[in-house]
Amino acid sequence: GASAGLTEKIRGLIDENEDFAVQLIEDKASNGYLQIMTARALGEPAIMRRFVSDAAFNKIGMPEPGAQVAYNRIYLNNVHLIGIAEEEGRNVLAIAVKSSFQRVRVENGRAEKLDQSVIAQTEVIIMSRDKKAAVSKGSLYAHSCPSCGAPVENSLSVECRYCGSALNSTGAEWIITDIMTMAEYGEYLEEHKSNFTYRVKPESIDRLYDVRDYAINNVMVMIAADGVYQEEERRFADGLAKKWGYDVSKLEPFFQMAQSGRLVIRMPEDRSKQRKIFNLMRRAAESDQSISPEEKRLLDDIRQRYEIDGAA
């Protein structure tokens with residue numbers, strides 16, 4: 001099975017890289033991802049410069065001055081190794097990072113919500129290191145030079161002040177060489193299929209949630225948007241649960257989590273599923289014969305975010 005294939009490929013990586021461990025790679029990916037998001041939020045590229053390739057640095061870029069966003073909340077839900085490949089003398093790893101966040105813009109001391117609820121998204125980090133890499137003496141993600149172990153500060157210079165080596169070289173450290181949306185990763189996987197010795201199909205990552213799971217979850221966020229539960233809304237949620245074989249008694253924790261803001265909007269990658277889920281959410285909002293301003297903002301936000309046309 002897939003897990004046996006993964007174990008075999010990991011053994012091969014350990015043979016080539018005595019310091020290799022999946023947990024270590026996933027930790028580096030988590031750490032790097034959060035530092036990249038921090039760099040963009042603060043408009044300070046030096047925070048991420050040392051551990052991203054030149055191409056990735058240019059691709060990630062910085063928001064326009066004044067367009068930076070802060071995060072009311074942000075956390076990583078899952079970080080998983082989903083692909084192992086070889087490319088031009090380098091080992092290449094794909095790590096899926098599922099994060100939840102709510103963005104705000106701060107102007108004149110006032111915070112304005114850019115997302116009406118917490119949003120979940122999955123991106124794929126590509127990390128690369130030379131097949132004949134030297135054993136790392138430090139970690140760029142923990143501010144130490146992989147070539148000599150000396151401390152490294154945030155800087156736009158990618159040269160170690162102590163030994164002069166290029167910090168973001170794949171010669172001794174796993175470097176982030178790309179960040180992709182799930183759609184981009186799907187295309188990349190198709191184009192580089194022959195390089196991959198292990199891969200999880202992008203659609204399989206979404207199987208943790210099927211349409212009804214997403215819809216029940218999102219309908220609860222929808223119903224909680226105005227902080228008021230109308231009897232009609234509860235009846236709609238109960239009816240939906242019964243129709244889809246959910247135990248109605250299990251909805252109560254959903255209501256409580258939604259009310260305290262602990263449920264997040266979730267969507268699969270599949271466009272037609274996104275539309276179905278959006279329409280269910282809209283029907284839930286209309287179930288009490290009126291859409292509150294909070295519900296409308298949330299629906300508009302989701303329509304725009306997932307580019308759902310003509311679904312109103």
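Since this is a predicted model, take the numbers as computed values, not measurements.
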On a heavy-atom basis, which atom in [X] and which in [Y] lie closest, and how many Å separate them?
| X | Y | result |
| --- | --- | --- |
| A41 | Y71 | CB-CE1, 3.9 Å |
| Y33 | L76 | CD2-CD2, 3.8 Å |
| A94 | V124 | CB-CG1, 4.0 Å |
| E173 | S139 | OE2-CA, 3.4 Å |
| V219 | A284 | CG1-CB, 3.7 Å |

Who passes side-chain contact (heavy atoms from CB on, under 4.5 Å) against [X], sequence neighbours left out?
| X | answer |
| --- | --- |
| S136 | D19, R129, P146 |
| A150 | C148, Y162 |
| K193 | E190, R199 |
| H192 | E87, Y188, N195, F196 |

Go through the side-chain N and O atoms of [X] and [Y] and say whether any donor and acceptor fall under 3.5 Å apart.
| X | Y | answer |
| --- | --- | --- |
| T177 | S128 | yes |
| R266 | Q121 | no |
| R50 | N154 | yes |

Between K98 and E123, does at least one N-O distance fall below 4.0 Å, as a salt bridge requires? no
Salt bridge check: are R282 and E286 linked by an N-O gap of less than 4.0 Å? yes
Measure the spacing between [atom1] of [X] and [atom2] of [Y] and express it to the nearest 0.5 Å.
| X | Y | atom1 | atom2 | answer |
| --- | --- | --- | --- | --- |
| E26 | I125 | CD | CD1 | 11.0 Å |
| L93 | Y198 | CG | OH | 11.5 Å |
| S155 | L167 | OG | CG | 8.5 Å |
| Q35 | M48 | CD | CE | 11.0 Å |
| T197 | N91 | OG1 | CG | 8.5 Å |
| I302 | R305 | CD1 | CZ | 9.0 Å |

Group every Ile, Leu, Val, Met, Phe, Trp and Tyr by side-chain heavy-atom contacts under 4.5 Å, then state whether L156 and I175 land in the same group. yes
Find out if a path of hydrophobic residues (ILVMFWY) with successive side-chain heavy-atom gaps under 4.5 Å connects I47 to V69. no
Under the rule for side chain to side chain donor-acceptor pair (under 3.5 Å), what residues qualify as partners of [X], not counting sequence neighbours?
| X | result |
| --- | --- |
| N218 | none |
| D300 | K296, R303 |
| D301 | none |
| E294 | S292 |

For a side-chain hydrogen bond (donor to acceptor under 3.5 Å, both in side chains) check, start with the C-alpha distance between D270 and Q274, then their side-chain angles and the critical distance, and finish with the verdict. CA-CA 6 Å; D270 185 281; Q274 289 175 2; over 6 Å; no
Tell me who clusters with V158, hydrophobic residues only, linked when side chains sit under 4.5 Å apart either directly or through other members. none
Which Ile, Leu, Val, Met, Phe, Trp or Tyr residues join Y75 in one cluster when any pair of side-chain heavy atoms under 4.5 Å counts as a link? V118, V264
Report all side-chain donor-acceptor pairs from residues 233-240 shorter than 3.5 Å, counting only partners two or more places apart or in another chain.
{"from": "E233", "atom 1": "OE1", "to": "Q230", "atom 2": "N", "distance (Å)": "3.1"}
{"from": "R234", "atom 1": "NH1", "to": "E252", "atom 2": "OE1", "distance (Å)": "3.4"}

Should [X] and [Y] count as side-chain neighbours, where that means a heavy-atom distance under 4.5 Å?
| X | Y | answer |
| --- | --- | --- |
| Q102 | K113 | yes |
| V97 | T122 | no |
| I74 | S100 | no |
| M62 | R40 | yes |
| K276 | L280 | no |
| C160 | S165 | yes |
| I126 | I179 | no |
| M281 | V221 | no |

With side chain to side chain contact (heavy atoms under 4.5 Å, CB included) as the test, would you mind laying out the steps for I95 and I82 before giving the verdict? CA-CA 6 Å; I95 299 103; I82 58 167; over 6 Å; no
As a quick check of understanding, evaluate side chain to side chain contact (heavy atoms under 4.5 Å, CB included) for R49 and F57, giving each step before the final call. CA-CA 7 Å; R49 187 66 187 100; F57 183 71; 3.4 Å; yes
Testing D54, D178, V52 for side-chain contact (heavy atoms from CB on, under 4.5 Å) with K59, which one passes? D178
Stepwise, does the side chain to side chain contact (heavy atoms under 4.5 Å, CB included) test hold for V79 with D27? CA-CA 8 Å; V79 181; D27 285 348; over 6 Å; no
Mark yes or no for whether H143, through its side chain, and V152, through its backbone, hold a donor-acceptor pair below 3.5 Å. yes
Intermediate values then yes/no, side chain to side chain contact (heavy atoms under 4.5 Å, CB included), I277 and M267: CA-CA 8 Å; I277 291 160; M267 281 287 195; 4.0 Å; yes
Contacts of Y141 meeting ring-ring contact (aromatic ring centres under 6.0 Å, His included) (sequence neighbours excluded), chain-then-number -> F51
